[in-house]
Protein chains: 2
Amino acid sequence: MWHDVSLAMVHDNSHDLTVRQMTILLSIYLEPPPHTVRGLAAKLRVTKPVITRALDTMGIKGLVSRRRDERDRRNVVIQKTLEGSLYLEKIGDLIIEMARELPR
Amino acid sequence: MWHDVSLAMVHDNSHDLTVRQMTILLSIYLEPPPHTVRGLAAKLRVTKPVITRALDTMGIKGLVSRRRDERDRRNVVIQKTLEGSLYLEKIGDLIIEMARELPR
DNA sequence: TTTAATTGATACGGTTGCGAAACAAATCGG
DNA sequence: CCGATTTGTTTCGCAACCGTATCAATTAAA
C-alpha cells in the first residue's frame, strides 16, 4: 500500500514535496493549532531554518500561509489554506482507495 | 497514520531518501524481478537519468546493487541487498505498528 | 558489413535543500 | 531604561537533484 500511494504521488507530481515538507504539512493540518516555527521544529526534531524554508516553498505553492501573532509579535502562526486542504484531501482519498484494494 | 509514519521516517534519518527514491526502492523489493533502468523509468514515468542517479545514491548506501545482463549486455539488472531488505523490513514494521495504534 | 536502434551512463547549467552561524525584532527581567 | 533571552529569518558555502542533450556500448536490421 505504501508503495502504491507513493507511486501515485510520484505520478501526480503537482506539488512535489520532500518527505520533510509533507510531514510538516500533515502536522499543520492534522494536529490542533496554533502552530509555530519552533513548535514544528521541536516536533520534527529539525532546525528552525528547515521549517522557515519549507513554509516559504509551501507558501509559494499556496499550501499554507503565515501571520504574525499580535499578542507576542515574535511569534508566527501558521495557517491552513483552502488549496492545502484540498490537496491533503486528495491524498487522503488516495490512501483510502489504495487501502481498500488491499488483499486483506 | 501517514503522518505518524512520515514523522518516524524523518526522525530516523538513517537513509534520507526522496519520495522518488523510496518509490524506486519499494518497486525493486515488492515487484517481481527482473528490474531494469528503463522498466523502472516507465513504471514511475520519469526519465532514465532519474533512475540511474537514484541507483547510484542507493548503491552507495548499500540498499541495492547492479549487474550487467550477460544475455543482452546493454541491460542492467538491479538486485536486492541484505541491507536494503532489512531497511524495508524496519519500515514495514513501523507501518504495522502505526496502523495497530489507529483508533479503528 | 554497415547502418540504425536500443540501453544505460554522463555532462551541463540551473534550482533547491541543507546545517551552522549571524541577524533583526520583540519581549522579559532587573 | 538596558542587557539578556526568545523567535523567526537570512546568509554562506556546499551538496543533491532535476531535465535536456549527448555519449559509448551493444544489439538488430538491411
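Hydrogens, waters and symmetry mates play no part in the numbers below; they use all other heavy atoms, side chains included. Per chain, numbering begins at 1; letters A, B, ... match sequence-line order.
Between the CD1 atom of B:I51 and the C1' atom of C:dT7 there is a distance of 14 Å, given to the nearest Å. Distance, B:N13 CG to C:dG17 C1': 14 Å, rounded to whole Å. A:K61 places its NZ atom 12 Å from the C1' atom of C:dT15, with the value rounded to the nearest Å. The separation between B:K48 atom NZ and D:dC23 atom P is 15 Å, rounded to whole Å. Put simply, CD1 on B:I60 is 13 Å from P on C:dA9, counting in whole angstrom units. With rounding to whole Å, B:M58 atom CE is found 14 Å from D:dA16 atom C1'. For the pair B:R66 CZ and C:dT10 C1', the interatomic distance rounds to 12 Å; values are reported in whole Å. Note: CZ (A:R68) to C1' (C:dA25) measures 8 Å, nearest angstrom.
Side chains of B:T18 and B:Q21 form a contact here, defined as non-hydrogen atoms less than 4.5 Å apart.
Within the structure, every side-chain polar atom (N or O) of B:T52 is placed at least 4.0 Å from both OP1 and OP2 of C:dG8. The phosphate of D:dT7 (OP1 or OP2) has no side-chain N or O of A:R73 nearer than 4.0 angstrom. Look at A:R20 and you'll find a side-chain N or O under 4.0 angstrom from OP1 or OP2 of C:dG19. A:Q21 has no side-chain polar atom (N or O) that falls below the 4.0 Å cut-off from OP1 or OP2 of C:dT16.
With hydrogens and angles left out, the side chain of A:R53 and the base of C:dG19 share a donor-acceptor pair within 3.5 Å.
Counting only heavy atoms from C-beta on, A:R74 has its side chain closest to D:dT5 among D:dT5, C:dA11, D:dA28. When each of C:dT27, D:dT10, C:dG8 is scored by its nearest atom to the side-chain atoms of B:V76, the top-ranked nucleotide is C:dG8. Checking C:dG17, D:dA28, C:dG8 against the side-chain heavy atoms of A:T18 singles out C:dG17 as nearest.
When the nearest nucleotides of DNA chain D are assigned to A:N75 and A:D56 by heavy-atom distance, the more 5′-ward of the two goes with A:N75. For the pair A:V46 and A:R71, nearest-nucleotide mapping onto DNA chain C gives the more 5' position to A:V46. Nearest-nucleotide positions on DNA chain C place A:P49 closer to the 5' end than the other of A:P49 and A:E70.
Side-chain polar atoms of A:H3 and B:S27 form a donor-acceptor pair below 3.5 angstrom.
Residues A:V5 and B:I96 fall into different hydrophobic clusters, defined by Ile, Leu, Val, Met, Phe, Trp and Tyr side chains chained together at heavy-atom separations under 4.5 Å.
Checked by atom type and distance alone, the side chain of B:T81 pairs as donor or acceptor with a backbone atom of B:L63 at under 3.5 Å. Of the possible polar contacts, one joining the B:R68 side chain to the B:R74 backbone as a donor-acceptor pair under 3.5 Å is found.
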